[in-house]
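Note: hydrogens, waters and symmetry copies are ignored here, and every other heavy atom, side chains too, is used. Remember, it's 1-based here, ligands and their atoms both numbered in the order they're listed.
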Amino acid sequence: MKLWGGRFKKETHPEAEKFLSSISFDQRLYAEDIEGSIAHAKMLAFAGIVSEQEKDSIVKGLEEIKEEIEKGKIRFSDEEDIHLAIEEHLTQKIGETAGKLHTARSRNDQVALDTRLFLRREIKEILKLLGSLQETILEKASKNIEVIMPGFTHLQHAQPILFSHHILAYFYMLERDKKRLEGCLERVNILPLGAGAIAGSSLPIDREYLARLLDFPKVSANSVDAVSDRDFMVEFISGAAMIAMHLSRFSEEIILWSTSEFGFISIGEEFCTGSSLMPQKKNPDVAEVVRGKTGRIYGDLINILVLLKGLPLAYNRDMQDDKISLFDSVDNIKETLSVFSEMLKTIEVKKEKMLAEAGRGYPIAADLAEYLVKKDIPFREAHISVGKLVQFAEEKEKTLEELTLDELKAFCYKFEADVYEAMKLKASVDSKKSFGGTATENVKKAIEEARKLIG
Ligand code: ARG
């Protein structure tokens, strides 16, 4: 008979049984389930609900089961879920005392506990991966600190910037990603155990004691919320989706930069693949798969949001599938962060090509306007004069630097010989000293500050 089978006359239909089983994916929670059960047994003894001997036998049995699972001696196949499977094994091992473990507990608060235990460990891992990717970015930035590249808006050349400044943008995105996950962790770290099925318990359970055993800083304040809340999963997956989006944007740039049209970087061969038809090909597949997986993680987010929408309180079996989205997003974001960071390490920066491209397309036109502003020309007027100057240079097929001072003066009398210095790319970059701007001295400071942030 099933552990819950007392009121049933008929066996479950085999198709329904297979359909309802979650063991294929929730067996992954065996360690968390056992950890939670051991704490629960200890609390029951502490509260005088089971005897010390009963508790010892339960704890010993659970520890053995854990070892047997890890050694491959216990395999799961057609059990309903991991919670019932472990209890069944415990019953085989220690007999009817096993039946006392589930006192004042339901699978509803049990599964909420297991997923919280699982996720808080994984979030800590993901925070470390984010930190090491940030470190890789800082390494790349400091090694290439003075490399100048064209900054783009609308994917058109805009103004020259430092390559280091550009990739540091990703450092700050990841910093926000960390903060988001840290915030999420606070809300994951709330103990749901003791909520029972929905209403709490009439037995003298001690939830604060449980929280201390399982290292939860907080205990859930409402038993209905405790068993129906999956917000922490939505928050996590949405945080993961944001990380994926950031890595996808970075991947897109890496893919573009490695084309022969850009030629800004080359990716280490160990992170590229060839074509089965075209012998000459070296494709940026890792960056492409990172970009592609983003869609999958967005899918996990939509999946859980839709799963929860319209569910009445409290627990509903629909929620069983929450773990599919949760596990999928955890696995994919970890793998992505790790491989992306390794790939980034192998990127070689082609500084001559970046510099040459930075000079194309009149990138210092805005600098000329600011040059005139410094000589007290109203910005709008300066903008028009330099615009006309660009038109003139274009017609003459010359760069702005190639124009003579007389030619420049024809557009604005305030141009002087010192304008040629201001037109140099390096001077342009280094003049952007406003806080957060691309001047080399700013970026050097930013790297120092960033190092402090990741400790
Ligand atoms: N396998 C179930 C899940 O993952 C466990 C909880 C079942 N609770 C219940 N009342 N049937 O959600």
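- Listed by atom number, the atoms of ligand 1 under 4.0 Å from V111 heavy atoms are 4 (O).
- Of the N and O atoms on the side chains of T273 and N283, not one donor lies less than 3.5 Å from an acceptor on the other residue.
- Among residue pairs with one or both ends in residues 287-328, those qualifying as ring-ring contact (aromatic ring centres under 6.0 Å, His included) are F118-F327; sequence neighbours excluded.
- The cationic atom of R120 (NZ for Lys, CZ for Arg) lies less than 6.0 Å from the six-membered ring centre of F216 and within 45° of the ring axis.
- A salt bridge is defined here as a Lys NZ or Arg NE, NH1 or NH2 lying under 4.0 Å from an Asp or Glu carboxylate O, and R187 with E235 meets this definition.
- Given atom 2 (C) of ligand 1, the protein heavy atom at minimum distance is Q320 OE1, 3.3 Å.
- In this structure, the protein non-hydrogen atom closest to atom 11 (N) of ligand 1 is R107 NH2, 3.6 Å.
- The nearest protein atom to atom 5 (C) of ligand 1, hydrogens excluded, is given as D81 OD2, 3.4 Å; this is a heavy-atom distance.
- Evaluated for a side-chain hydrogen bond (donor to acceptor under 3.5 Å, both in side chains) with K432, the options D367, N442, T440 yield exactly one hit, D367.
- If you check which protein heavy atom lies closest to atom 3 (C) of ligand 1, you get Y315 OH, 3.2 Å.
- Those atoms of ligand 1 with a heavy atom of S22 less than 4.0 angstrom away are 1 (N).
- The nearest protein atom to atom 8 (N) of ligand 1, hydrogens excluded, is given as N108 OD1, 2.9 Å; this is a heavy-atom distance.
- Salt bridge K351/E146: absent, no basic N to carboxylate O contact under 4.0 Å.
- Distances between N or O atoms of K323 and those of ligand 1 include at least one value under 3.5 Å.
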